[in-house]
*Asks:* 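First the structure, then my questions, so here it is.
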Amino acid sequence: MKGAEIIIECLKKEGVEYMFGYPGGVVIPIFHHIFNAPFTFILTRHEQGAVHAADGYARASGKVGVVIATSGPGATNLVTGIATANMDSVPLVCITGQVSTDLIGNDAFQEADITGITRSITKHNYLVQDVKDLARIIKEAFYIASTGRPGPVVIDVPVDISNADTEFVYPDKVDIRSYKPVYQGHPVQIARACRLIEQAKRPIVYAGGGVIISNASGELRDFVHKTGIPITTTLLGLGTFPETDPLSLQMLGMHGTYFANHAVHQSDLLIAVGARFDDRVTGKIDEFIPHAKVIHIDIDPASVSKNVKVDVPIVGDCRHVLAAMTKEVNPPEIGEWVAHIADMRDKHPLTYDDRDGVIKPQYVIEQIYELTKGDAVITTEVGQNQMWAAQFYTYTEPRSFISSGGLGTMGFGFPAAIGAQLARPDKRVIDIAGDGSIQMNIQELIVAVQHRLPVIIAILNNGFLGMVRQWQQLFFDRRYSNTCISFAPDFVKLAEAYGAAGIRVEQKTEVAPAIERALSITDRPIIIDFRVEREENVYPMVPRGKSVKETIMRELA
Amino acid sequence: MSKHVISVKVENRFGVLARVAGLFSARGYNIDSLTVSETEDESISLMTIVVRGDDRIIEQVKKQLNKLIDTIKVIDHPAGSSVQRELALVKVNAQPQKRSEIYQIAEIFKAEIVDISKKTVTLEATGDPEKIDTIIELLRPYTIRELIRTGRVSLLKEKD
Ligand SMILES: Cc1ncc(C[n+]2csc(CCOP(=O)(O)OP(=O)(O)O)c2C)c(N)n1
């Protein structure tokens, strides 16, 4: 069998439903066999769209996203998407074409050293040098991408390997002696953690995206309900614990709630689960948790004790570890602490200055929540839109919030929404967008039209690169250098040009009817161009590198 | 910041060295020396890496090394419990009247004379890195023309 056909056979064995990508010279042999493959091929209009769509598919489904691109420019167009997936631990297998082995290193036409380029932004990568290795490498790639701390794997396939013949044997199991992820937490450490919890007076659970990745939301809920410990989540942890639950403090971090950030700051025990103490969470690291001991549960040993000193590290899968801890732990006595937090919540709720006559972006998000009854899958772009989507929609289910957290990639949300919609045909998928970000991958609109995907793009159109403008306003004397983008396309006409629906909303009273109308359309994508208050800011805000004590709560006069 | 010797057992595959080197450079950690070679098992290479840093950086380095898919094992080699060797070639100016002094230094340190020219003598010294440091210091006054060191290799001592 030819290498090209082996690739397709392997993907079939892996149960691939969707493949995202774009053709080119050296991958024509592979596309020759994609033509009648049993899975659906999604031809995006840019390779970046393909990799973000595969990423959105993976995050929404928990399965591996599969991508293909040609050598050189095709492969380099994947780079941002690969880095995005790597930062957020998303399982992807990206197949890139490569010039033939005898030309590698010759500056051949469309040659790029993609294994070199992606070495630091992949979990692992391969350059296939012998067709006999191809099936084993693909098997390993799926295994590596989806186990341990997941991540993207690149397989670079020279065209002569695709054309070479060999017998096809798909290994039924993988054995990599140098790669053995640890899933069970150490029982001694688990016992130590439980004792710390039982003695704690002011404990907080801090849960991240790792809980969602390991499908441990159920175990997390059991743990929190048994112990009664209040819980805050990171941006990527949204949905892992219902924000409607009284124990939920919602999101922490730079734009987290006052009560989450202060509760963490005052805590005497921080139980970190599948989170990695990112600087957007901790702010000034020395003042992050001055009184707390730390229990850190994570599958990646390199994440533990990286940014903060950890008292009880537990390396393992959140699901196993949380289940074991729930069994063993006795609830601590923390009535006073819980009451204190409730008091902080009453005094400093998450709010905004809602007014008649203008459309506040936060109001739009609240209306989307109301009208979807919280049942949508929300993707976001990056910037203020992302933060308002995190703050003002109430998440109750894992995999219902999809956003580029670690890399903060503008242009991620819409292609990711396409992938998410394919993974979840039963759900409405809504991309909360900024007028800047949406223009970064708008070309994928035609893909949603072609596949009749009713993705809603809710543009919070403020005519600015809003988040950068906010920083300029607060920290750079309001000098709005190159952040005004009111010179903009007509998004409604643009939608119509693509065959999508377009709705413009200029009055507050039109917000809800527009969302309802969008929700009633089920056969094509919809852009809603919400003309929101132009200089609205995201609050609370802990300025970069500062402690919670310096939180800016609202607009200063 | 103290020096640490880390021994890394890796798959003997192309690209592994680049991964290890990239891991250090991406984080701005400076490598003092790095040696790689095959081992008794030809599918495995052993790297000896000498790196400077406080304990937290070294912990992080070791974890990152472990995280590489091709890494089989990462072990610390503290000076007391490992045998560490290095080889140096030193080309020094050797005026006729100074030659015998240089030969004496070579003899004391069991260094071999591996090349002689009208104006220079080249010595080959092996031993633990401190010994190499000493011989280099002693040769400096004669003016060292060229100097190269292999970097350290290290094996753990056997415990009975
Ligand atoms: C690809 C990329 N380029 C630049 C940035 C830096 N950046 C972060 S937020 C932002 C502004 C985003 O503007 P917009 O999409 O209009 O969203 P808003 O903040 O106004 O909601 C920029 C430029 C980024 N995150 N990603």
*Asks:* What residue, out of B:Leu23, B:Ile69, B:Leu68, has the most heavy-atom pairs lying under 4.5 Å from chain A?
*Replies:*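 Between B:Leu23, B:Ile69, B:Leu68, the count favours B:Ile69.
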
*Asks:* With a strict 4.5 Å heavy-atom criterion, list every residue of residues 133-158 of chain A that contacts chain B, or say none.
*Replies:*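 Those residues of residues 133-158 of chain A which have a heavy atom under 4.5 Å from chain B are A:Ile144, A:Arg149.
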
*Asks:* Counting only heavy atoms not in B:Gln104, do more than 12 sit closer than 6.0 Å to its CD atom?
*Replies:*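 12 or below, so no.
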
*Asks:* Around atom NZ of A:Lys293, are there more than 12 heavy atoms from other residues, nucleotides or ligands closer than 6.0 Å?
*Replies:*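 Result for NZ/A:Lys293: open.
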
*Asks:* Relative to chain A, which segment of B:Ala26 carries a heavy atom at a distance below 4.5 Å: side chain, backbone, both, or neither?
*Replies:*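 The answer is neither part of B:Ala26.
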
*Asks:* Measuring from A:Ser303:OG to B:Lys67:NZ, what's the distance to the nearest 0.5 Å?
*Replies:*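 The distance works out to 5.5 Å.
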
*Asks:* Can you tell which part of A:Lys123 gets under 4.5 Å to a heavy atom of chain B, answering side chain, backbone, both or neither?
*Replies:*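 Backbone plus side chain of A:Lys123, per the 4.5 Å heavy-atom cut-off to chain B.
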
*Asks:* Other residues, nucleotides and ligands only: do more than 12 of their heavy atoms fall within 6.0 Å of NZ on A:Lys284?
*Replies:*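 12 or below, so no.
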
*Asks:* Against A:Ser305, only a single residue in B:Glu59, B:Lys63, B:Gln60 fulfils side chain to side chain contact (heavy atoms under 4.5 Å, CB included); can you say which?
*Replies:*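 Only one of B:Glu59, B:Lys63, B:Gln60 forms a side chain to side chain contact (heavy atoms under 4.5 Å, CB included) with A:Ser305, namely B:Lys63.
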
*Asks:* Answer yes or no: is there a side-chain heavy-atom contact under 4.5 Å between B:Arg19 and A:Asn125?
*Replies:*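 Side chain of B:Arg19 against side chain of A:Asn125, heavy atoms only: contact under 4.5 Å found.
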
*Asks:* Is it the case that over 12 heavy atoms from other parts of the model lie below 6.0 angstrom from the CD atom of B:Glu107?
*Replies:*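 Open.
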
*Asks:* Examine whether an atom of B:Ser43 lies under 4.5 Å from a heavy atom of chain A, and if so say whether it belongs to the side chain, the backbone or both; otherwise answer neither.
*Replies:*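 Contact with chain A: backbone and side chain both.
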
*Asks:* Under the salt bridge (Lys or Arg N to Asp or Glu O under 4.0 Å) rule, what do B:Glu11 and A:Arg177 come out as? Steps first, then yes or no, please.
*Replies:* CA-CA 9 Å; B:Glu11 294 290 345; A:Arg177 64 179 163 185; 2.7 Å; yes

*Asks:* Going by heavy atoms in the side chains, are A:Tyr179 and B:Thr71 under 4.5 Å from each other?
*Replies:*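 No; the side chains remain at least 4.5 Å from each other.
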
*Asks:* More than 12 heavy atoms of other residues, nucleotides or ligands under 6.0 Å from NZ of B:Lys118: is that the case?
*Replies:*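 Atom NZ in B:Lys118 is not packed in, count stays at 12 or less.
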
*Asks:* Inspect the surroundings of CZ in B:Arg99 and state if more than 12 heavy atoms from other residues, nucleotides or ligands are less than 6.0 Å away.
*Replies:*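 More than 12 heavy atoms, drawn from other residues, nucleotides or ligands, come within 6.0 Å of this atom.
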
*Asks:* Check this for me: B:Asp55, atom CG, are more than 12 non-hydrogen atoms of other residues, nucleotides or ligands nearer than 6.0 Å?
*Replies:*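 Open: at most 12 neighbouring heavy atoms sit under 6.0 Å from CG of B:Asp55.
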
*Asks:* Does any part of the side chain of A:His124, heavy atoms only, come nearer than 4.5 Å to the side chain of B:Asp70, both counted from C-beta?
*Replies:*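 With C-beta onward as the side chain, the pair touches.
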
*Asks:* For B:Glu137, does the CD atom sit with more than 12 other heavy atoms under 6.0 Å from it, leaving out its own atoms?
*Replies:*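 Yes - once you tally the heavy atoms of other residues, nucleotides and ligands closer than 6.0 Å, there are more than 12.
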
